[in-house]
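Only one structure is covered here, and it is reproduced in the block below.
Nothing fancy with the numbering, it's 1 onward along the sequence.
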Amino acid sequence: VPRMIVFDFDQTLVSTPLARCKVGAMSLLERKALFYDDSFFAEFCAEASAQGHELRIASFAEKQGKVAAEDMLSLLNSVLPLHRTYLTSVDDIAAWHGAYGKREHLTHLMGTSKPPIPLANVVLIDDDERNTTAASAFCSAYQCAPETGFCAPWYRAQLLLQHHLAVEM
């Protein structure tokens, strides 16, 4: 079953909050070093996309939404292949701060899918227990540790998630 896999950004994919990064001034090596496991993330995204899953980012950005989405996309471009069909546009990123919750992020991102993917087929991967607990009421949600983020050892220990996605790494 095709799913929409939605990643949180800060402390799920990258170890340093985006608000503390001057992305435009960073070298490629510095950008890659922000990711917990850049090569695994790139391999996972390629395999998940090949399995028919859509990939998105949902983050409570401390920077203004469009600026945050552009910075996230710039960082993603540092670790993902240039010629890809996933995570290629700021439209693949919901980066709002304030009164919005993950449900609003996910609902917005579902509308970017063609054909639309039902909320029941959304999988959230986030470091924040509050987000995964709230999201588990309406989609599948998995919490990774903020100390290690989304990395190969964490994913390999998530047998239910692997079964759910049929993405074996």
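Interatomic distance, CD1 of Ile117 versus CE of Met4, reported as 4.5 Å (0.5 Å rounding). Rounding to the nearest 0.5 Å places OG1 of Thr12 at 9.0 Å from CD of Gln143. Residue Leu161 holds its CG atom at 7.5 Å from CD1 of Ile5, rounded to the nearest 0.5 Å. One finds the OH atom of Tyr86 at 13.5 Å from the NE2 atom of His53 (value rounded to the nearest 0.5 Å). Separation of atoms CG (Leu13) and CG (Asp38) is listed at 11.0 Å; rounding is to 0.5 Å.
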Q: For the pair Arg56 and Glu54, evaluate salt bridge (Lys or Arg N to Asp or Glu O under 4.0 Å) and give the outcome as yes or no after the intermediate values.
A: CA-CA 7 Å; Arg56 301 288 191 276; Glu54 295 192 31; 2.7 Å; yes

Q: Kindly indicate, with the supporting measurements, whether the criterion side chain to side chain contact (heavy atoms under 4.5 Å, CB included) is fulfilled by Leu18 and Leu75.
A: CA-CA 10 Å; Leu18 187 65; Leu75 290 172; 3.7 Å; yes

(Q) I'd like to know whether Lys102 forms a salt bridge (Lys or Arg N to Asp or Glu O under 4.0 Å) with Asp128, so could you lay out the CA-CA distance, the side-chain angles of the two residues, the decisive distance to 0.1 Å, and finally the verdict. (A) CA-CA 11 Å; Lys102 287 291 179 176; Asp128 191 323; over 6 Å; no

Q. Could you go step by step and tell me if Val123 and Cys139 meet the side chain to side chain contact (heavy atoms under 4.5 Å, CB included) rule?
A. CA-CA 6 Å; Val123 175; Cys139 72; over 6 Å; no

Q: Please test Arg3 against Ser140 for side-chain hydrogen bond (donor to acceptor under 3.5 Å, both in side chains), starting from the C-alpha separation and ending with a verdict.
A: CA-CA 10 Å; Arg3 311 253 181 222; Ser140 298; 6.0 Å; no

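Proximity of Met110 to Val122: side-chain heavy atoms (C-beta onward) are separated by under 4.5 Å at one or more points. By the 4.5 Å heavy-atom criterion applied to side chains, Leu87 and Leu80 are counted as neighbours. Inter-residue side-chain proximity for Cys21 and Asp71 is flagged as unmet; no heavy-atom pair is nearer than 4.5 Å. Side-chain contact between Phe9 and Leu76: present, with at least one pair of heavy atoms (C-beta onward) separated by less than 4.5 Å.
Checking side-chain atoms of Ser74 against main-chain N and O of Glu70 turns up no donor-acceptor pair under 3.5 Å. Thr88 places no side-chain N or O within donor-acceptor distance of the main-chain N or O of Arg84, the cut-off being under 3.5 Å. At least one donor-acceptor pair under 3.5 Å links the side chain of Asp37 to the backbone N or O of Ala152.
Looking at residues two or more places apart in sequence or on another chain, you find no ring-ring contact (aromatic ring centres under 6.0 Å, His included) involving His164. Asp91 is linked by a side chain to side chain contact (heavy atoms under 4.5 Å, CB included) to Ser89, counting only residues two or more places apart in sequence or in another chain.
In this structure, Glu30 places its CD atom where more than 12 heavy-atom neighbours from other residues, nucleotides or ligands lie under 6.0 Å away. Sparse packing is recorded around CG of Leu29, with 12 or fewer heavy atoms of other residues, nucleotides or ligands lying under 6.0 Å away.
Aromatic ring centres of Phe60 and His105 lie closer together than 6.0 Å. Ring pair Phe7/Phe41: centre-to-centre distance below 6.0 Å.
In this structure, Phe150 is a member of the same hydrophobic cluster as Leu160, with clusters built from ILVMFWY side-chain heavy atoms closer than 4.5 Å. Cluster membership for Leu55 and Leu165, using ILVMFWY side-chain heavy atoms within less than 4.5 angstrom, is shared. Under the 4.5 Å side-chain heavy-atom criterion for grouping Ile, Leu, Val, Met, Phe, Trp and Tyr, Trp154 is connected to Leu34 within one hydrophobic cluster. Hydrophobic cluster membership is shared by Ile125 and Phe35, with clusters built from Ile, Leu, Val, Met, Phe, Trp and Tyr side chains linked at under 4.5 angstrom. Hydrophobic clustering, with ILVMFWY side chains joined whenever heavy atoms are under 4.5 angstrom apart, keeps Tyr36 apart from Tyr142.
The shortest heavy-atom contact between Ala95 and Ala69 is CB-N, 4.2 Å. Minimum heavy-atom separation, Arg31 to Ser78: CD-OG, 3.0 Å. Of all heavy-atom pairs spanning Ala141 and Ala135, the tightest one is CB-CB, 4.0 Å. Across Ser59 and Asp10, no two heavy atoms sit closer than the pair OG-N, 4.3 Å.
The side-chain contact (heavy atoms from CB on, under 4.5 Å) test with Met72 singles out one residue from Ile57, Val90, Asn77, and that residue is Ile57.
Using bins of under 30°, 30° to 60° and over 60° for the plane-to-plane angle, the ring pair Tyr155/Phe40 lands in the tilted bin.
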Donor-acceptor list for residues 42-51 side chains, cut-off 3.5 Å, not counting sequence neighbours:
from, atom 1, to, atom 2, distance (Å)
Glu47, OE2, Gln51, NE2, 3.0

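Arg103 forms a cation-pi arrangement with Phe138, by the criterion of a distance under 6.0 Å to the ring centre and an angle within 45° of the ring axis.
Between the side chains of Thr132 and Asp126, no donor-acceptor pair is found at a separation under 3.5 Å.
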